[in-house]
Amino acid sequence: MELLDGKLVSKQIKEELKIEVESLVAKLGVAPTLAIVLVGNVEASQIYVRNKLKAAKLTGINTNLVTLPDTITTEELLKVVNELNADEAIDGIIVQLPLPKQVDEAAVINAIQTEKDVDGFGISNKGRLFCGMDAVKSATPFGIMKLLEAYHIDLTGKSAVVVGRSNIVGKPMAMMLLQENATVTICHSRTKDLGSVTKTADVLVVAIGKAKFIKADMVKDGAVVVDVGMNRDESGLCGDVDFENVAPKCSYITPVPGGVGPLTIAMLLYNTVSAFKKRHA
Ligand SMILES: NC(=O)c1ccc[n+]([C@@H]2O[C@H](COP(=O)([O-])OP(=O)(O)OC[C@H]3O[C@@H](n4cnc5c(N)ncnc54)[C@H](OP(=O)(O)O)[C@@H]3O)[C@@H](O)[C@H]2O)c1
């Protein structure tokens with residue numbers, strides 16, 4: 001069994017981006033700029049945003065943090081997004097989720113200009129991904145694809161099972177695996193006899209948000225297992241996979257923490273630099 005070291009791969013991606021940003025700045029006299037919209041005072045969101053700002057700065061990407069009160073209306077937030085869309089100095093926009101209950105989250109996300117939607121959450125980028133067109137890819141599944149690529153894991157003809165069908169992880173993950181010629185099955189909370197399906201997987205990606213849910217008897221010998229879950233239990237942070245018992249059966253597996261998590265921010269920065277390059281091409 002070999003660990004898929006997301007921390008290491010994300011470090012490599014960020015180092016490459018830093019060098020690329022330096023050469024872009026030398027050539028164009030301007031750095032890529034990422035705008036982050038943070039609404040309200042949710043602690044987890046503040047931590048995520050702080051980490052994104054820090055990583056962007058270390059990579060040489062300019063940041064523009066817009067903080068707004070949690071009493072904001074959908075219309076007011078749409079106005080902010082439209083101003084950022086129109087701002088020539090901004091290459092990428094992310095609106096940190098979740099948004100307060102009174103705000104129409106889908107309307108806000110879909111208002112972000114397709115080229116600036118560096119989270120790849122909008123329906124335009126999702127549709128483009130679905131159709132196999134050039135799209136900004138959602139950072140978490142995109143990071144997983146980079147991780148598999150870094151370990152030379154060939155997906156062609158492999159049976160890939162994705163557990164979870166969220167719009168930000170499960171569904172785009174399935175599309176990206178399909179694009180790499182895997183034979184893909186998507187499972188969810190209504191899947192019957194989940195274990196019998198996950199056991200067919202050469203590559204198993206789990207994104208459900210349930211601590212240590214995938215047990216050893218649900219995994220095929222020699223499988224590649226990617227654990228997207230981030231849960232807290234009595235032992236601290238853990239994934240959706242019962243790592244201790246599943247790992248010995250795998251050819252490769254991601255740890256939690258240190259697997260998928262670090263790649264998400266790296267790919268967000270990657271998408272921002274790509275958006276900048278397209279605008280200046
Ligand atoms: N590492 C990272 O950077 C990163 C990024 C994003 C998310 N995450 C983590 O990944 C996990 C999933 O996130 P998400 O946003 O995709 O979650 P989500 O929107 O809550 O979706 C969960 C999915 O899991 C399915 N599910 C729930 N219980 C199940 C069960 N018992 N058997 C089979 N499927 C089940 C649900 O099925 P239904 O559709 O039928 O309800 C749903 O499709 C969470 O732990 C989250 O914190 C990590």
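Just so it is clear, the structure is predicted and the values come from calculations on it, not from any experiment. Counting starts at 1 for both ligands and their atoms, in listed order. Heavy-atom basis, side chains included; hydrogens, waters and symmetry copies ignored.
- In this structure, atom 31 (N) of ligand 1 has a protein heavy-atom contact shorter than 4.0 Å.
- Residues I168 and F142 share a hydrophobic cluster, clusters being chains of Ile/Leu/Val/Met/Phe/Trp/Tyr side chains in contact below 4.5 Å.
- The nearest heavy-atom contact from the protein to atom 44 (C) of ligand 1 is G209 CA, 3.6 Å.
- Listed by atom number, the atoms of ligand 1 under 4.0 Å from I168 heavy atoms are 15 (O).
- If you take CD on E20 and CD1 on I13, they are separated by 12.0 Å, rounding to the nearest 0.5 Å.
- At distances below 3.5 Å, at least one donor-acceptor pair connects side-chain atoms of N271 with backbone N or O atoms of V118.
- The shortest N/O to N/O separation between V260 and ligand 1 does not fall below 3.5 Å.
- Closest to atom 28 (N) of ligand 1 among all protein heavy atoms lies K210 NZ, 2.9 Å.
- Among all protein heavy atoms, the one lying closest to atom 6 (C) of ligand 1 is V169 CG2, 3.7 Å.
- Annotation for ligand 1: atoms under 4.0 Å from non-hydrogen atoms of N231 are 45 (O).
- In this structure, NZ on K137 lies 5.5 Å from CD on Q179, to the nearest 0.5 angstrom.
- Of the listed residues (G259, G170, A207), the one carrying the non-hydrogen atom nearest atom 23 (C) of ligand 1 is A207.
- Ligand 1 has a nitrogen or oxygen under 3.5 angstrom from a nitrogen or oxygen of S189.
- The single protein non-hydrogen atom nearest to atom 3 (O) of ligand 1 is T264 OG1, 2.7 Å, given as residue, atom name and distance.
- Residue V228 holds the heavy atom nearest to atom 4 (C) of ligand 1 of all those in L194, V228, T254.
- Between L237 and V256 the shortest side-chain heavy-atom distance falls below 4.5 Å.
- Under a hydrophobic clustering in which Ile, Leu, Val, Met, Phe, Trp and Tyr are joined whenever their side-chain heavy atoms come within less than 4.5 Å, directly or via other members, V225 and L155 fall into different clusters.
- For the residue pair S159 / T183, no side-chain donor-acceptor distance below 3.5 Å is found, with atom types taken as modelled.
- Distance from atom 26 (N) of ligand 1 to its nearest protein heavy atom, with residue and atom name: I208 CG2, 3.6 Å.
- Each of D242, D233, D227 was checked for a side chain to side chain donor-acceptor pair (under 3.5 Å) with K212, and the lone residue meeting it is D233.
- Going from atom OG1 of T114 over to atom CG of D134 covers 11.5 Å, rounded to the nearest 0.5 Å.
- If you chain together hydrophobic residues whose side chains sit under 4.5 Å apart, L97 and I72 fall into the same group.
- For T140, every heavy-atom contact with ligand 1 shorter than 4.0 Å involves the side chain, none the backbone.
- A salt bridge does not link D5 with K11: every distance from a Lys NZ or Arg NE/NH1/NH2 to an Asp or Glu carboxylate oxygen is 4.0 Å or more.
- When heavy-atom distances to ligand 1 are checked against a 4.0 Å cut-off, L263 has no atom that comes that close, whether in backbone or side chain.
- With respect to atom 43 (O) of ligand 1, the closest heavy atom belonging to the protein is R165 N, 2.8 Å.
- At a cut-off of 3.5 Å, with distance as the only test, a side-chain donor of N231 or D240 sits close to an acceptor on the other residue.
- There is no protein heavy atom less than 4.0 angstrom from atom 13 (O) of ligand 1.
- Counting protein heavy atoms only, atom 19 (O) of ligand 1 is closest to S166 CB, 3.4 Å.
- Checked against a 3.5 angstrom limit, the closest N/O atoms of R190 and ligand 1 fall outside it.
- What sits closest to atom 33 (C) of ligand 1 on the protein, heavy atoms only, is H188 O, 3.1 Å.
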